[in-house]
Asker: 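Structure below; questions to follow.
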Amino acid sequence: MAKLITPRSEDYSQWYNDLVYRAGLADQSAVRGCMVIKPHGFALWENMRDILDKMFKDTGHVNAYFPLFVPKSLFEAEEKNAEGFAKECAVVTHYRLKTDPTRPGKLIADPEAKLEEELVVRPTSEAIIWNTYRDWIHSYRDLPILINQWANVVRWEMRTRPFLRTAEFLWQEGHTAHATKAEAMEEALKMHEVYTRFAEDYMAMPVIKGAKSENERFAGADDTFTIEAMMQDGKALQAGTSHYLGQNFAIAFGVKYLTDQNKEEYVYATSWGVSTRLIGALVMTHSDDDGLVLPPKLAPLQVIIVPIPKPTPEIKAVADKLIIELKSKGIRVQYDQDEKNRPGFKFAEYELKGVPVRIGIGARDLEQRVAEVARRDTKEKQSLPIEGLADAVEQLLQDIQSNLFNRALQLRSQNTHSVDNWEEFVDIMENRPGFVYAHWDGSIETELAIKERTKATIRCIPLDSKEEPGLCIFSGKPSNKRVLFAKAY
RNA sequence: CGGGGCGUAGCGCAGUCCGGUUAGCGCACCUGGUUUGGGACCAGGGGGUCGAGAGUUCGAAUCCCUCCGCCCCGACCA
């Protein structure tokens, strides 16, 4: 049978594309830049969404929903935000179609039905939300407001890649309002921490926590906190951001409240989001040439039981009992009843889909009361007694989860360097992409010059980076700490 | 928007340069049979406005013109 997936070593980005389509995560759509998220991909997103949603609720947030369309006049209110997103906005100009008088059967936007005010399809919702918050907030007693929304947004990108960058994507966006700067900053950092925990504990994806440089900051934010992950090709992927917005939006939309001293003050804001991009991150962190490798905590299906060579009543009886035990432990498991395909085909198929554990049961196994247990991450197989198998599988799933994290962490360490001279910096970026900790003089000019020459950008100023006197890798000017450089997705 | 590539069955492709019966192959699909511990085999079968439009010609997947779409690389970006 022909190889379905381009090997990573041959062409990493083709490998990624092949995988996304072959594993049934997504399909191309009739709309340029937009994809169809197929059931397997959406199941992953649902698992992510459910876990994140619980984490948000546990930190005091509630969900709401705001409109897809933003009147242009609102959109332009916060200037930096508007400017930052303006060049990638889809705009609704008409509200009706009519048949084309010159081409029968064809439709045109009805020139009589031009909108008086054009509507921007939200690239993010700060504008519409802060316009609403103005009406909701009058007193310190109305604060804080801790709202999240699950939504789609549109950013008209020139070049798109499935999950990593699409014109329309699904995400969540938290928008909070606070009485004080300290409280808003605390919120921004708290959600940054939530994202970190989600990435590391659930996605098994180690991340570097840091602040964005001014140049890379969210348009309209005073501070942007990011989690940056390393993909298998050594490139960085921004996996989630949390913004301290200061009073920028409050001022732009006139959102003021009275303090307990009856003094009028502007509100402080945060916003934070992660998107379906995380699915791309997941794929590029763990998967291999045989297909997806999914962390058990997020895998739509955690255990598949394959009868060998095909279903029999005897195997089914054993499988049914095992399924009851596994399900009672909250494990997502299925028994493959299909008679058409042979075991080898099924093995390949479940590996492609990333199912963490496969249990093979055949007549030989039944005689000895054992089953063949195969783990997706290492491809190791072992024969284990059916007695107590559920416990062993539960343990194995945990092992896989932590092995994936450790493996990713190891890959990151191997490709992370501390660099003090420009030649070495250039050599790494050109020949063995990875994370580079280097001194930077803090200026935008230097940052842009480095990007120009090497394509590497400052991914973040790590929160835990130590004060350490040094000289800027590019300008030679003094610097007091290292920042994280990498080529980025 | 620049540079490259590609549109022929659900998918992957050959055929196009040099026009010529009924447009072909692999995978997938359907039927029957034999198989079955790592992507089975045999036999039979279904499926095509050859991206669209216009043109040249006795005759166009093939030549000319126009248009549309997609993919990759670059600029932009979560």
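These numbers come from a predicted model, not from an experiment. Chain letters run A, B, ... following the sequence lines, proteins first, then strands; residues in each count from 1.
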Asker: Please state the C1' separation for the pair B:C58 and B:G19 - nearest whole angstrom.
Answerer: 12 Å

Asker: Tell me which nucleotide among B:G37, B:A75, B:C70 gets nearest to the side chain of A:R342.
Answerer: B:G37

Asker: For B:G39, does the base pair up with any side-chain atom of A:N341 as donor and acceptor (N or O, under 3.5 Å, distance only)?
Answerer: no

Asker: Around atom CD of A:E387, are there more than 12 heavy atoms from other residues, nucleotides or ligands closer than 6.0 Å?
Answerer: no

Asker: Any strand is fair game: report the nucleotide pairing with B:U16 by Watson-Crick or G-U wobble, both distances under 3.5 Å, or none.
Answerer: none

Asker: Quickly work out the A:Q14 CD to B:G5 P distance and round it to whole Å.
Answerer: 17 Å

Asker: Quote, to the nearest angstrom, the P distance that separates B:U8 from B:G51.
Answerer: 6 Å

Asker: Write down the distance between CZ (A:F345) and C1' (B:C41), rounded to a whole number of angstrom.
Answerer: 16 Å

Asker: Contact class for A:T166 (heavy atom, under 4.0 Å): base, sugar-phosphate, or nothing?
Answerer: base

Asker: Can you find an N or O donor on one side and an acceptor on the other, under 3.5 Å apart, linking the side chain of A:K379 with the base of B:G38?
Answerer: no

Asker: Provide the Watson-Crick or G-U wobble partner of B:G10, both distances under 3.5 Å; none if there is no partner.
Answerer: B:C27

Asker: For nucleotides B:C25 and B:U66, find the distance between their P atoms and express it as a whole number of Å.
Answerer: 36 Å

Asker: Report the nucleotide, chosen from B:G39, B:U36, B:A78, that has the shortest atom-to-atom distance to any side-chain atom of A:K310.
Answerer: B:U36

Asker: So A:Y244 and A:Y268, would you call those rings parallel, tilted or perpendicular, with 30° and 60° as cut-offs?
Answerer: parallel

Asker: Salt bridge or not for A:R459 and A:E216, using N-O below 4.0 Å?
Answerer: yes

Asker: Between A:H243 and A:F218, how do the two ring planes meet: parallel, tilted or perpendicular, split at 30° and 60°?
Answerer: parallel

Asker: Taking any strand in view, what nucleotide pairs with B:G47 in a Watson-Crick or G-U wobble way, both distances under 3.5 Å?
Answerer: none

Asker: Could you work out the separation of B:A52 and B:A61 based on their P atoms and round it to a whole Å?
Answerer: 11 Å

Asker: Determine the interatomic distance between C1' on B:A40 and the same-named atom on B:U36; round to the nearest Å.
Answerer: 8 Å

Asker: Of the listed nucleotides (B:C76, B:G39, B:A78), which one gets closest to any side-chain atom of A:K87?
Answerer: B:C76

Asker: If you define the side chain from C-beta out and look only at heavy atoms, does anything of A:L237 sit under 4.5 Å from A:R277?
Answerer: yes

